[in-house]
2 protein chains.
Amino acid sequence: MKSSPSTGYVTADDVATAAGVSRWTVNRAFKKDASISAAARAKVLLAAETLGYVPDLRAASLASDHSNLVAILIDDFANPHKLVMLERLTRVLRGRGWDMMLVNTLDRDDAEPALMNARRRRVDATILIGIQFDDEVLEAAHKAQHFKKLIIFARSSENKDTISISVDDRAATLEIAEYVRDRGYKTPFYLAGPRTNSAHLSRKETFLDFWAKEFGVTCDSVAVPAYDSILAADIISETLSNKPENERPDIIVCENDALALGAIDAIRHRLGLRVPDDIAVIGFDDVPQCESPNYRLTTYRQPLMDMANYLVDVLESAENSQLDKTFIGRLVVRESA
Amino acid sequence: MKSSPSTGYVTADDVATAAGVSRWTVNRAFKKDASISAAARAKVLLAAETLGYVPDLRAASLASDHSNLVAILIDDFANPHKLVMLERLTRVLRGRGWDMMLVNTLDRDDAEPALMNARRRRVDATILIGIQFDDEVLEAAHKAQHFKKLIIFARSSENKDTISISVDDRAATLEIAEYVRDRGYKTPFYLAGPRTNSAHLSRKETFLDFWAKEFGVTCDSVAVPAYDSILAADIISETLSNKPENERPDIIVCENDALALGAIDAIRHRLGLRVPDDIAVIGFDDVPQCESPNYRLTTYRQPLMDMANYLVDVLESAENSQLDKTFIGRLVVRESA
DNA sequence: TTGTAGGCGTTATCAT
DNA sequence: ATGATAACGCCTACAA
């Protein structure tokens with residue numbers, strides 16, 4: 001038991017002295033399940049309060065080898081859905097006692113250094129959200145095999161060393177496709193996002209397959225190199241501006257809302273047409289803007305709260321394989337399609 | 001020097017044994033400025049690579065009492081500008097070797113627990129971004145005086161125990177006001193955000209003062225209880241829908257873009273009027289959507305990269321007072337006003 | 001219920 | 001340039 005430390009922080013020892021107990025009793029006072037008398041706890045908590053003591057989580061983590069800290073690696077801040085995901089994730093994690101580090105994976109070459117960084121902090125899990133964590137990056141990451149848990153959130157992955165928590169893309173896309181068919185649209189156009197090296201069947205492929213089987217026609221599509229509304233607007237207006245009216249699609253099915261919002265802008269302000277009367281639009285994600293009177297976008301909402309809660313279940317699980325899970329969301333019908 | 005540890009992590013000792021040097025030499029190999037021979041460093045780095053060793057930052061922090069980790073407390077995820085700020089902040093911090101914890105301050109009562117949490121992690125600085133950190137909360141927080149650095153980002157504050165990094169609201173608002181005057185608008189209407197207990201002069205007050213002095217008239221205003229576009233649209237349409245044409249404002253000046261985008265939606269889709277012909281709109285922040293062909297919002301852009309870089313300067317400074325700084329941004333003129 | 005050793009993986013500081 | 005000692009503040013496991 002020593003007296004005041006050099007660092008300026010109050011330690012358990014200081015509180016112990018003040019409360020007239022041992023340092024270990026002090027620590028017990030801060031644990032829920034600890035076996036400690038109510039009197040002792042009260043005494044300790046009072047002393048801690050007056051001294052301004054709070055336990056040091058670095059030391060706790062070092063000694064116990066779990067930190068209740070996760071790293072979230074994210075790219076693609078242009079997509080407004082990321083803000084929604086961050087809100088849900090931080091809310092649920094914090095509500096259940098977890099902290100998170102947010103890492104901006106600046107570009108694809110930065111993915112590995114970013115993963116390395118998470119390892120240095122000895123986080124309990126590393127969560128990947130974004131488009132640049134393709135199979136190749138994952139392979140390289142897991143070569144070293146030094147992640148307690150590597151979780152891919154809101155994106156499916158067949159990678160074996162990884163836990164994937166995502167919406168069932170196939171089911172979702174089929175629900176969208178059926179809606180498009182049932183509403184009588186005949187000539188859909190698919191607006192896809194950046195191509196990745198991921199092995200799984202993309203939303204676009206699922207949709208095109210469905211349409212081909214249903215009607216025996218291949219519908220057109222184009223890819224936008226980023227999930228960016230402005231870019232999507234540019235590409236849609238380029239693609240459609242010189243098409244005669246009878247070759248025009250009657251609906252644009254978009255891989256996500258970022259693209260869909262751009263598509264609506266282009267249809268109205270570049271092509272001078274109406275949504276949905278001339279061309280309908282359908283999105284994916286249900287970002288807040290979808291509800292704006294300007295867009296009223298029909299879209300597919302992922303059950304993000306459920307997914308985030310399941311993520312914490314995974315964090316708190318002793319297992320770290322066989323934990324993949326897909327979720328079913330729902331189509332939110334508004335006026336855009 | 002012990003052999004393989006129980007935790008599964010490779011330690012500096014393991015590398016030391018493998019490389020035939022001492023543990024301290026291993027650590028030196030990972031420091032830029034360390035005095036170590038090139039040969040020794042190469043030997044160590046090779047051994048580390050094959051063993052998969054990376055330094056443990058928890059232990060480093062515990063021993064050195066600085067973590068290169070900051071906590072960012074943020075609320076108001078409805079405002080799309082938050083995503084931009086997060087992008088810039090994470091980019092600059094990471095580029096300069098800092099990690100950040102992101103904490104969602106769920107509501108006002110959660111501010112104190114959230115601050116406590118940052119203390120438990122012994123972060124080098126706590127950064128506050130949001131509206132709920134008013135003077136009262138700051139007071140309570142600093143009563144305990146246990147923050148190495150408490151920084152208010154993108155918001156001015158007169159609190160003495162706090163470092164405020166923000167745009168010069170007064171200069172910005174005056175620039176906007178002069179623009180409004182010079183373009184010949186006569187009857188501006190101010191759309192404000194939630195009222196806070198902050199002591200400083202708000203943008204709204206600055207604008208109203210200017211207009212009163214310039215023309216001797218008080219312009220109308222209304223407050224939206226959250227920085228939320230949908231809500232802003234509702235309130236604008238309520239407020240203006242039953243005004244006769246001659247009492248209608250010719251421009252709506254908004255405290256930020258979230259409100260401004262909602263105002264535009266309301267003007268078009270609820271009031272059936274045109275922007276800017278019937279009513280012009282001006283915002284603040286320059287969120288990405290401003291550039292959309294649908295909005296083309298005239299707005300004021302904060303120099304976020306400069307501000308973020310200055311934030312890191314502050315983190316790396318030995319001082320922790322007299323560090324307040326305000327920045328000057330610029331008006332970005334588009335077609336909405 | 002309460003106290004005690006020993007260890008977690010670094011760094012500061014001093015010694016060689 | 002390299003090695004060694006003593007923290008850093010807590011937790012696990014066990015003893016009293």
Side-chain angles (χ1 to χ4, degrees), chain A residues 1-17 19-44 48 51-69 119-124 146, chain B residues 1-17 19-44 48 51-69 119-124 146:
Chain A
M1 246 183 245
K2 61 224 144 25
S3 51
S4 32
S6 51
T7 69
Y9 281 113
V10 183
T11 78
D13 275 328
D14 300 326
V15 179
T17 316
V21 298
S22 77
R23 175 196 331 156
W24 297 271
T25 305
V26 172
N27 289 327
R28 285 191 185 101
F30 283 90
K31 302 216 127 201
K32 273 222 296 257
D33 55 341
S35 60
I36 181 178
S37 68
R41 170 169 275 152
K43 216 167 33 172
V44 168
L51 265 57
Y53 167 78
V54 292
D56 185 332
L57 257 35
R58 300 168 306 177
S61 166
L62 190 57
S64 71
D65 251 302
H66 66 89
S67 56
N68 267 35
L69 179 68
R119 281 182 57 199
R120 279 209 281 265
R121 294 277 176 196
R122 302 291 192 269
V123 295
D124 287 341
H146 286 297
Chain B
M1 247 184 243
K2 58 227 143 25
S3 51
S4 31
S6 52
T7 70
Y9 280 115
V10 182
T11 78
D13 276 330
D14 299 329
V15 179
T17 315
V21 298
S22 76
R23 177 200 330 160
W24 298 272
T25 304
V26 171
N27 288 326
R28 285 190 185 101
F30 284 90
K31 303 215 129 204
K32 273 222 301 254
D33 55 339
S35 60
I36 182 178
S37 69
R41 170 169 275 152
K43 218 169 29 173
V44 168
L51 266 57
Y53 167 77
V54 292
D56 184 333
L57 257 36
R58 299 169 306 177
S61 167
L62 188 58
S64 71
D65 252 301
H66 66 88
S67 57
N68 266 38
L69 179 67
R119 280 182 58 199
R120 278 209 282 264
R121 294 276 175 196
R122 301 292 192 269
V123 295
D124 287 341
H146 285 297

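We name chains A, B, ... by the order of the sequence lines, and we start the count at 1 in each one. Computed from a prediction, not measured in an experiment: that's the story for all the values here. Just so you know, these numbers use all the heavy atoms, side chains as well, and skip hydrogens, waters and symmetry mates.
- Scanning all heavy atoms of the two residues, the minimum distance from A/Y53 to A/V10 falls at CD1-O, 3.2 Å.
- Residue A/T11 places no side-chain N or O under 4.0 Å from the OP1 or OP2 atom of D/dC8.
- Proximity note for B/A60 (side chain, C-beta onward) versus D/dG3, D/dG9, C/dT10: the nearest is C/dT10.
- Comparing A/A59 and B/T25 by the nucleotide of DNA chain D whose heavy atom lies nearest to each, the residue mapping closer to the 5' end is B/T25.
- Nearest approach of B/S22 to B/A16, heavy atoms of both residues: C-CB, 3.7 Å.
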When you compare the protein's N or O atoms with those of nucleotides 13-16 of chain D, which come within less than 3.5 Å of each other, and at what distance?
none

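- The nearest pair of heavy atoms linking B/N27 to B/A12 is OD1-CB, 3.9 Å.
- In this structure, B/H66 atom NE2 and C/dT10 atom P are separated by 15 Å, rounded to whole Å.
- Here the C1' atom of nucleotide C/dG9 and the CZ atom of A/R119 are 15 Å apart, to the nearest Å.
- Residues A/D56 and A/T11 have side chains not in contact (no heavy-atom distance under 4.5 Å, counting atoms from C-beta outward).
- Here the P atom of nucleotide C/dT10 and the CG atom of B/N68 are 16 Å apart, to the nearest Å.
- For the pair A/V15 and A/V44, the tightest heavy-atom approach, listed with the atom from each and the gap, is CG1-O, 3.8 Å.
- The CZ-P distance, from A/R120 to C/dT10, rounds to 12 Å in whole Å.
- The distance between atom CG of B/N27 and atom C1' of D/dA4, rounded to the nearest whole Å, is 13 Å.
- Remark: B/L57 engages A/R120, A/R121 in a side-chain contact (heavy atoms from CB on, under 4.5 Å) (not counting sequence neighbours).
- Phosphate contact (OP1/OP2 of D/dC10, side-chain N/O of A/Y53, threshold under 4.0 Å): present.
- Between A/S64 and C/dC8 there is no side-chain N or O to OP1 or OP2 distance below 4.0 Å.
- Between B/I36 and B/R122, the residue whose closest nucleotide on DNA chain D is further toward the 5' end is B/I36.
- Between the C1' atom of D/dT5 and the CG atom of B/D13 lies a distance of 14 Å, rounded to the nearest Å.
- In this structure, A/L57 atom CG and D/dC8 atom C1' are separated by 15 Å, rounded to whole Å.
- Atom-to-atom, CZ of A/R23 to C1' of C/dT2 comes out at 14 Å; the value is rounded to the nearest Å.
- In terms of heavy-atom proximity, A/R122 sits nearest to B/V54 at NH2-O, 2.9 Å.
- With the end axes of the helix from C/dT1-D/dA16 to C/dT16-D/dA1 each set by five pairs, the angle from one to the other reads 30° at 10° resolution.
- The minimum heavy-atom distance linking A/S67 with A/V123 is given by the pair OG-CA, 3.9 Å.
- Side-chain contact between A/R58 and B/D65 is present, with at least one heavy-atom pair separated by less than 4.5 Å.
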